[in-house]
Amino acid sequence: MKILVAVKRVVDYAVKVRVKPDRTAVDTASAKMSMNPFCEIAVEEALRLREAGAAAEVVAATVGPAASADTLRTALAMGADRAVHVLHDPDPARPLLPLAVAKILRALAIQENPGLFILGKQAIDDDCNQTGQMLAGLLNWPQGTFASKVIVDKEKQTATVEREVDGGIETICLDLPAVITTDLRLNQPRYATLPNIMKAKSKVIKKVTPAELNVDIRSDMEVVQVDEPPKRKAGVILSSVDELLDKLKNEARVL
């Protein structure tokens, strides 16, 4: 069985995000970029399934500009067998929406014919949490979202997924092929070792375009302006509960 894993290049989670002076988009030119943390978990889970004998090959895929190849190299250094790069230079005013990404991933799934498609449940740049669900809908595959545990049965061609819901843990059984999106508690991603980083340089990255996949990615949404959130006012130390109640009632007006 083949596992296809989608990864995304985002501003590193430890970096303070800044808006461009013209307020057209977030400044990524001078910011450190890395793989989306949820995507790292997706790659790690695919590698663990391969190591357990449930899969024979792990293929990483991304959609983005030429610089996104670095993210694929990270996935290859972690242990992915090969990678697919769908080249697309985004227009800040016309960002690539989750539905367009899902259409591209659907086209890749049809080409690669995986038994399992694993994605991070969301990206930390837009927090949409939509691509995996849309992909499952387009492919008409069963889906297990927010997975905190995944068990694959090769003989029965099923995947058992424990997923976190408001009421606790829900366990579902999916017939393969299926789409799974990963939650934070699924695993702890491994670090890429120096030997594997060197080996990743020789691994294959196939390059295609949305046009070659026959996917229309035109966006019907336009970003008019991007602003930083307002700065929070400094807190104050109160001397008594009565003073706190007075401020909540007369200043905050929440009581």
Side-chain angles (χ1 to χ4, degrees), residues 4-15 17-20 24-43 46 58-78 80 82-112 114 117-132 134-135 138 179 181-182 189 192 197 200-201 203-223 226:
L4 197 54
V5 185
V7 298
K8 186 177 183 180
R9 179 176 180 262
V10 299
V11 177
D12 189 88
Y13 70 91
V15 172
V17 176
R18 300 184 184 279
V19 176
K20 290 182 177 180
T24 57
V26 171
D27 182 12
T28 58
S30 59
K32 179 187 175 184
M33 308 294 285
S34 62
M35 186 188 297
N36 177 49
F38 289 99
C39 297
E40 285 185 318
I41 294 170
V43 174
V58 174
V59 182
T62 194
V63 183
S68 296
D70 293 342
T71 304
L72 289 176
R73 291 293 177 196
T74 300
L76 292 171
M78 290 176 67
R82 57 187 177 88
V84 181
H85 186 178
V86 182
L87 289 163
H88 172 69
D89 279 315
D91 178 359
R94 296 281 183 180
L96 200 60
L97 299 178
L99 180 58
V101 177
K103 288 179 179 178
I104 292 172
L105 297 180
R106 173 184 178 272
L108 291 179
I110 292 173
Q111 281 191 358
E112 295 288 342
F117 208 134
I118 306 180
L119 308 85
K121 73 171 185 178
Q122 65 194 76
I124 62 172
D125 52 1
D126 55 23
D127 277 330
C128 282
N129 184 15
Q130 296 172 345
T131 305
M134 289 179 172
L135 174 61
L138 291 172
V179 174
T181 68
T182 59
I197 292 173
K201 295 181 179 180
K203 291 185 178 181
V204 177
I205 295 182
K206 178 183 176 182
K207 296 181 180 180
V208 296
T209 64
E212 290 171 343
L213 295 173
N214 196 29
V215 177
D216 182 6
I217 58 172
R218 287 178 297 178
S219 175
D220 55 1
M221 183 184 77
E222 180 182 359
V223 176
V226 178

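Of all non-hydrogen atoms in M35 and V7, the two that sit nearest each other are SD-CG1, 4.0 Å. The nearest pair of heavy atoms linking A42 to I118 is CB-CG2, 3.6 Å. Between P98 and T131 the shortest heavy-atom distance is CB-OG1, 3.6 Å. The heavy-atom pair separating I124 from D127 by the smallest distance is CA-OD1, 3.9 Å. Across G132 and T181, no two heavy atoms sit closer than the pair CA-CG2, 3.9 Å. When all heavy atoms are compared, the tightest approach of P210 to I217 is CG-CD1, 3.8 Å.
One distance of note links CZ of R218 with CG of D220; it measures 10.0 Å at 0.5 Å rounding. Atom CE of M134 sits about 10.5 Å away from atom CG of N129, to the nearest 0.5 Å. Atom-to-atom distance recorded for L105:CG and L138:CG is 9.5 Å, nearest 0.5 angstrom. The distance from atom CD of Q111 to atom CG of L4, rounded to the nearest 0.5 Å, is 10.5 Å. One finds the NZ atom of K103 at 6.5 Å from the CG atom of D216 (value rounded to the nearest 0.5 Å). Atom OG1 of T209 sits about 7.5 Å away from atom CG of L87, to the nearest 0.5 Å.
A107 meets the side-chain contact (heavy atoms from CB on, under 4.5 Å) test with L213, V215; sequence neighbours excluded.
Side chains of M33 and V11 form a contact here, defined as non-hydrogen atoms less than 4.5 Å apart. For the pair H88 and L96, the minimum side-chain heavy-atom distance is below 4.5 Å. Considering only heavy atoms from C-beta on, L119 stays 4.5 Å or farther from T182 through its side chain. Looking at heavy atoms from C-beta onward, R106 lies in side-chain contact with L135 at the 4.5 angstrom threshold. Considering only heavy atoms from C-beta on, P114 stays 4.5 Å or farther from V59 through its side chain.
The main-chain N or O of Q122 is found under 3.5 Å from a side-chain atom of N36 such that the two form a donor-acceptor pair. In this structure, the side chain of R73 engages the main chain of A200 through a donor-acceptor pair within 3.5 Å. Of the possible polar contacts, none joining the K121 side chain to the Q130 backbone as a donor-acceptor pair under 3.5 Å is found.
For the side chain to side chain donor-acceptor pair (under 3.5 Å) condition, no pair includes a residue of residues 61-71, sequence neighbours left out.
Using a cutoff of 4.0 Å between basic side-chain nitrogens and carboxylate oxygens, K206 and E112 are not scored as salt-bridged. Taking the charged nitrogens against the carboxylate oxygens, D126 and K8 do have a contact shorter than 4.0 Å, which makes a salt bridge.
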Step-by-step side-chain contact (heavy atoms from CB on, under 4.5 Å) determination, V84 to I205: CA-CA 5 Å; V84 181; I205 295 182; over 6 Å; no
